[in-house]
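Treat the numbers as computed from the prediction; the structure is a model and nothing was measured.
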Amino acid sequence: MSKMRVIHLIGGGDTGGAKTHVLHLLRELNHSIDAQLVCFRRGEFSDDAQRMGVPIHVIESGTPLTGLRELRKLLEGQRVDIIHCHGARGNLMGNLLKHFIKAPVVTTVHSDYRLDYLGRPVARLSYGTTNLVALRRMNYYIGVSDNITDLLIQRNFHVDRIENIHNGIDFTTPINCVPREEFLRSIGMEVKPGDVVAGIVARLSPVKDIPTLLRAMKLACEQEPRLKLAIAGDGEDKDKLTQLTEELGLSDRVCFAGWVKDVNSFFNAIDIALLTSLSEGFPYSLTEGARMHKATISTDVGGIPALIKDGETGILFTPRDEKALSRHLLNLAGDPERRRELGNRLYEKAREEYSIESMVRRQLEIYNRILEREARKERRCKTRKERRDGVVVCGAYGHGNAGDDAILKSILHSVRELDEYVPITVLAKNTLSIKERYRVNAVYTFNIPKILWHMRGARLYINGGGTLIQNATSHRSLWYYLFTLWAAKRCGCKVAMYGCGIGPVNGKRNIKLASWVLLCGLHHP
């Protein structure tokens with residue numbers, strides 16, 4: 001049997017976490033499948049890919065159309081199982097390519113795409129808008145954290161097409177670091193015995209909010225003269241940040257190191273790792289610092305709280321709160337034992353849950369799920385009878401009733417035990433809550449046209465939760481549930497009653513309703 005073949009598309013100018021994720025993922029994936037990388041710019045990204053042994057082809061083209069022409073030539077006559085995109089340029093090219101290659105297109109969302117061009121209005125209008133359109137046309141999505149997955153759900157992306165993966169890092173390969181003093185001198189920082197060095201690895205852009213860090217340093221240094229700051233990174237805000245550093249009188253305490261190739265030596269040289277971002281998916285700098293046992297102070301955003309448990313594996317603070325950050329810096333600067341304790345706990349949690357091995361296993365699992373779902377679609381299209389698929393579930397969900405929600409959880413578990421790939425749609429009052437909690441599609445209880453549309457394509461309708469005939473609520477709810485049962489039958493669904501009982505039948509109205517249940521052709525087991 002031939003290996004799965006996946007084509008990864010990326011712009012080629014990527015830095016930071018996205019670059020680390022893609023290159024390390026592809027290097028490891030090629031032990032199991034054929035994963036080819038295509039980027040559309042020659043530079044540091046492509047050079048690093050070649051050094052790491054990642055199979056890469058660079059297409060240098062001025063416009064997307066010329067790039068598409070070269071990409072089609074490159075892939076002509078080759079079997080492609082999945083097209084996997086990263087970033088705005090990759091998403092655009094993947095959408096163009098899918099019209100010529102019959103393969104599902106998946107994108108990994110590394111960050112909040114609405115903030116990728118923060119502070120760059122022209123780029124946001126052009127690249128940002130193009131990326132937004134391309135994202136909406138993808139077949140599948142992968143979020144790099146639960147937070148990014150929730151963000152996609154909140155913005156009405158198809159919940160049953162979203163998967164999530166955690167960024168992983170290599171915890172097994174031995175690390176050789178440049179000695180602390182030697183490394184710090186190499187980036188232009190002189191330290192004395194007793195100095196405490198805080199450090200951050202980040203792109204110098206508005207979303208990373210380095211100004212808050214500099215202002216917090218100003219407050220902290222007034223009480224702790226031994227505190228210094230190393231900033232590893234570059235970006236469009238470098239000149240502004242350099243000017244702010246001078247205005248705050250921190251030029252002798254803050255070092256702008258530029259892009260640092262030897263990240264391990266950087267984290268080895270500092271005492272406290274920092275993150276001040278306004279928004280994140282799941283930054284690699286977290287696990288890079290964790291690998292070096294560094295105590296970490298971070299903003300409470302994105303997927304960061306999944307690794308940083310406040311007071312246990314690190315310290316969290318609210319974005320833009322310079323006073324809180326200053327206070328945390330002072331506390332850790334004066335307590336080396338606390339730094340060691342937090343750093344060791346962070347290392348243990350990161351090694352257990354965020355290894356590169358677990359990331360690769362998860363990625364392969366996602367690929368197999370995508371291919372199975374695509375094969376399922378192919379099988380359904382063979383005969384008209386098989387075109388129906390999916391389950392519609394109805395009950396009093398999203399009202400905050402623990403009993404009804406427990407029944408829904410049981411229904412979903414039972415359905416997925418029988419068929420883990422079946423599409424599930426739940427009728428609920430609070431659709432967003434259902435989507436986020438159970439990762440299934442949800443339709444508002446009284447959106448009748450949409451409900452009927454889903455019923456026409458479903459194989460099974462399940463009425464679950466409470467009793468069908470009862471006198472605890474308004475008689476209108478009885479008419480509603482009976483209507484959905486009747487509609488499901490008329491739409492061609494098989495109908496099942498899950499955990500529902502025919503309750504007390506009191507009065508002529510309830511007797512009539514019970515009679516209608518029988519006329520609908522339904523029966524209660």
Requested in this report: Could you walk me through whether E224 and R253 pass the salt bridge (charged side-chain N to carboxylate O under 4.0 Å, His left out) test, one step at a time?
Outcome: CA-CA 11 Å; E224 178 51 84; R253 297 182 180 275; over 6 Å; no

Identify the two heavy atoms, one from [X] and one from [Y], that lie closest to each other, and give their separation to 0.1 Å.
{"X": "A306", "Y": "Y354", "value": "CB-OH, 3.4 Å"}
{"X": "A232", "Y": "V260", "value": "CB-CG2, 3.6 Å"}
{"X": "T276", "Y": "I200", "value": "OG1-CD1, 3.8 Å"}
{"X": "R338", "Y": "G311", "value": "NH2-O, 3.2 Å"}
{"X": "Q36", "Y": "P55", "value": "OE1-CB, 3.4 Å"}
{"X": "C221", "Y": "L250", "value": "SG-CD2, 4.4 Å"}

Would you say the side chain of [Y] lies within less than 4.5 Å of the side chain of [X], judging by non-hydrogen atoms?
{"X": "L307", "Y": "T313", "result": "no"}
{"X": "L248", "Y": "M217", "result": "no"}
{"X": "Y397", "Y": "T431", "result": "no"}
{"X": "R320", "Y": "D209", "result": "yes"}
{"X": "F100", "Y": "L71", "result": "no"}
{"X": "K238", "Y": "L241", "result": "no"}
{"X": "Y438", "Y": "V426", "result": "no"}
{"X": "F40", "Y": "M93", "result": "yes"}

Does one side chain, of [X] or [Y], offer a donor that lies under 3.5 Å from an acceptor on the other?
{"X": "R5", "Y": "Q78", "answer": "yes"}
{"X": "S285", "Y": "E288", "answer": "no"}
{"X": "E28", "Y": "N30", "answer": "no"}
{"X": "S265", "Y": "D262", "answer": "yes"}
{"X": "N91", "Y": "R137", "answer": "no"}
{"X": "T172", "Y": "D170", "answer": "yes"}
{"X": "T245", "Y": "T242", "answer": "no"}
{"X": "H21", "Y": "H110", "answer": "no"}

Salt bridge check, [Y] against [X]: does any charged N sit closer than 4.0 Å to a carboxylate O?
{"X": "R369", "Y": "E163", "result": "yes"}
{"X": "E353", "Y": "K349", "result": "yes"}
{"X": "R362", "Y": "E365", "result": "yes"}
{"X": "R155", "Y": "D112", "result": "yes"}

From [X] atom [atom1] to [Y] atom [atom2], the distance as rounded to the nearest 0.5 Å:
{"X": "T299", "Y": "D321", "atom1": "OG1", "atom2": "CG", "result": "11.0 Å"}
{"X": "E337", "Y": "L342", "atom1": "CD", "atom2": "CG", "result": "10.0 Å"}
{"X": "I315", "Y": "L332", "atom1": "CD1", "atom2": "CG", "result": "4.0 Å"}
{"X": "M359", "Y": "I169", "atom1": "CE", "atom2": "CD1", "result": "9.5 Å"}
{"X": "L364", "Y": "I33", "atom1": "CG", "atom2": "CD1", "result": "5.5 Å"}
{"X": "I356", "Y": "L25", "atom1": "CD1", "atom2": "CG", "result": "7.5 Å"}

**Report entry** Face-on cation placement of R136 at F157 ring, 6.0 Å and 45° thresholds
**Finding:** yes

Query raised in the report: Do the numbers put R373 on top of the ring of Y421, so that NZ or CZ is under 6.0 Å from the six-membered ring centre and no more than 45° off the axis?
Result: no

Query raised in the report: With C85, which of I10, I7, V105 fulfils side-chain contact (heavy atoms from CB on, under 4.5 Å)?
Result: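 Filter result, single survivor: V105.
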
Query raised in the report: K208 and E280: salt bridge (charged side-chain N to carboxylate O under 4.0 Å, His left out), yes or no, with the steps?
Result: CA-CA 9 Å; K208 301 300 181 180; E280 284 286 357; 2.6 Å; yes

Between [X] and [Y] (side chain of the first, backbone of the second, donor and acceptor by atom type, cut-off under 3.5 Å), is there such a pair?
{"X": "R339", "Y": "A333", "value": "yes"}
{"X": "Y113", "Y": "L135", "value": "no"}
{"X": "K218", "Y": "L214", "value": "no"}

Query raised in the report: Who passes side-chain hydrogen bond (donor to acceptor under 3.5 Å, both in side chains) against N344, sequence neighbours left out?
Result: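 Only H293 meet the side-chain hydrogen bond (donor to acceptor under 3.5 Å, both in side chains) criterion with N344.
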
Report task. Could I get the full list of side-chain hydrogen bond (donor to acceptor under 3.5 Å, both in side chains) partners for T149, not counting sequence neighbours? Result ->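 For T149 there are no side-chain hydrogen bond (donor to acceptor under 3.5 Å, both in side chains) partners, ignoring immediate neighbours.
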
Query raised in the report: Do the ring planes of F317 and H328 sit parallel (below 30°), tilted (30 to 60°) or perpendicular (above 60°)?
Result: tilted

Requested in this report: Taking atom CG of D252 as the centre, report whether more than 12 heavy atoms of other residues, nucleotides or ligands fall under 6.0 Å from it.
Outcome: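 Counting other residues, nucleotides and ligands, CG of D252 exceeds 12 neighbours.
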
Report task. Flag yes if more than 12 heavy atoms outside K261 fall under 6.0 Å of its NZ atom; otherwise flag no. Result -> yes

Requested in this report: Among H24, H86, E44, find the one that has a side chain to side chain donor-acceptor pair (under 3.5 Å) with K19.
Outcome: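 Filter result, single survivor: E44.
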
Report task. Going by the salt bridge (Lys or Arg N to Asp or Glu O under 4.0 Å) test, name the single residue among K294, K228, R180 that passes it with D271. Result ->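 That would be R180.
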
Query raised in the report: Given E181 and R185, is the salt bridge (charged side-chain N to carboxylate O under 4.0 Å, His left out) satisfied, shown in steps?
Result: CA-CA 6 Å; E181 290 76 11; R185 279 196 301 270; over 6 Å; no

Report task. Check step by step if side chain to side chain donor-acceptor pair (under 3.5 Å) holds for N164 and D146. Result -> CA-CA 7 Å; N164 72 308; D146 291 335; 2.7 Å; yes

Query raised in the report: Stepwise, does the side chain to side chain donor-acceptor pair (under 3.5 Å) test hold for H84 with Y367?
Result: CA-CA 10 Å; H84 192 157; Y367 285 156; 2.6 Å; yes

Query raised in the report: salt bridge (charged side-chain N to carboxylate O under 4.0 Å, His left out) between E348 and R351: does it pass, once the steps are laid out?
Result: CA-CA 5 Å; E348 293 299 331; R351 185 181 63 173; 2.8 Å; yes

